[in-house]
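Structure first, commentary second.
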Amino acid sequence: MRIPSGWRVGWNVLCSEMEDDLTGIGGSTLYSATNEGRRFTIDVAFRPEFDPEGHFELTVVYCPWPRSERGRRIKDQPLSFLDGQVVHSFETRSYSQLLQELEQWIARCSVWEIEGH
């Protein structure tokens, strides 16, 4: 995969064998990456877990800037995606389609700025 600078990959168990055999794929997260500067996180899971009839789920979440009463960004608070906004979700059984979608959204989120100053 092509991953631009600015991303921190927290977890990655994606592998090419998933293209041919979906048996035994499980775990709450197969891939997770965060771009703190752009305030995005991308997560890939397999649902239902360990079900050969299951599918990959890709979710892109944006964490809005906390704002002061005057609407200015508050920059000294830690980044938390618990209250984030889902900006994109995608489901597929195809590993190659998943990788294509994942690379597209990593590239997009590397330059996308949702909020102004």
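Sequential numbering from 1 along the given sequence is applied to the chain's residues. The basis for the numbers below is simple: all heavy atoms, side chains too, and nothing from hydrogens, waters or symmetry mates.
- Put simply, L102 and V13 are part of the same group of oily side chains (I, L, V, M, F, W, Y) that touch within less than 4.5 Å, one to the next.
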Only distances under 3.5 Å count here; give the side-chain donor-acceptor pairs of residues 77-86 to other protein atoms, sequence neighbours excluded, each with its distance to 0.1 Å.
from	atom 1	to	atom 2	distance (Å)
S80	OG	L82	N	3.4

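- There is a path of hydrophobic side-chain contacts, each under 4.5 Å, that joins F56 to W11.
- Following chains of ILVMFWY side-chain contacts shorter than 4.5 Å, one cannot reach I106 starting from V61, and the two form parts of different hydrophobic clusters.
- Of all non-hydrogen atoms in G54 and P48, the two that sit nearest each other are CA-CD, 3.9 Å.
- Between T23 atom OG1 and E53 atom CD the span is 9.0 Å, to the nearest 0.5 Å.
- Hydrophobic clustering of Ile, Leu, Val, Met, Phe, Trp and Tyr side chains at less than 4.5 Å, counting indirect connections, unites V60 with I114.
- Under the 4.5 Å side-chain criterion, counting only non-hydrogen atoms from C-beta, R38 is not in contact with S110.
- Between S94 and S96, the side chains place a donor N or O and an acceptor N or O closer than 3.5 Å (distance only, hydrogens not considered).
- Less than 6.0 angstrom separates the ring centroid of W112 from the ring centroid of F40.
- Residues V87 and Y62 approach most closely at CG1-CB, 3.9 Å, considering heavy atoms.
- To the nearest 0.5 Å, atom SG of residue C109 and atom CZ of residue R39 are 13.5 Å apart.
- Heavy-atom neighbours of Q100 CD from other residues, nucleotides or ligands within 6.0 Å: at or below the threshold of 12.
- Residues R108 and H88 are not in side-chain contact: their nearest non-hydrogen atoms beyond the backbone lie 4.5 Å or more apart.
- The heavy-atom pair separating Y95 from M18 by the smallest distance is CD1-CB, 3.6 Å.
- In terms of heavy atoms, T29 sits closest to S32 at CG2-CB, 3.7 Å.
- Expressed to the nearest 0.5 Å, how far CG of L14 lies from OG of S16 amounts to 10.5 Å.
- In this structure the side chain of W7 reaches within 4.5 angstrom of the side chain of I42, judged on heavy atoms.
- Rounding to the nearest 0.5 Å places CD1 of I25 at 4.5 Å from CZ of F46.
- For the residue pair T59 and S89, no side-chain donor N or O sits within less than 3.5 Å of a side-chain acceptor on the partner.
- Separating the CD atom in E57 from the OG1 atom in T92 is a distance of 11.5 Å, to the nearest 0.5 Å.
- Between R67 and R73 there is a side-chain heavy-atom pair separated by less than 4.5 Å.
- Atoms CD and CG, from E91 and L58 in turn, are 10.5 Å apart once rounded to the nearest 0.5 Å.
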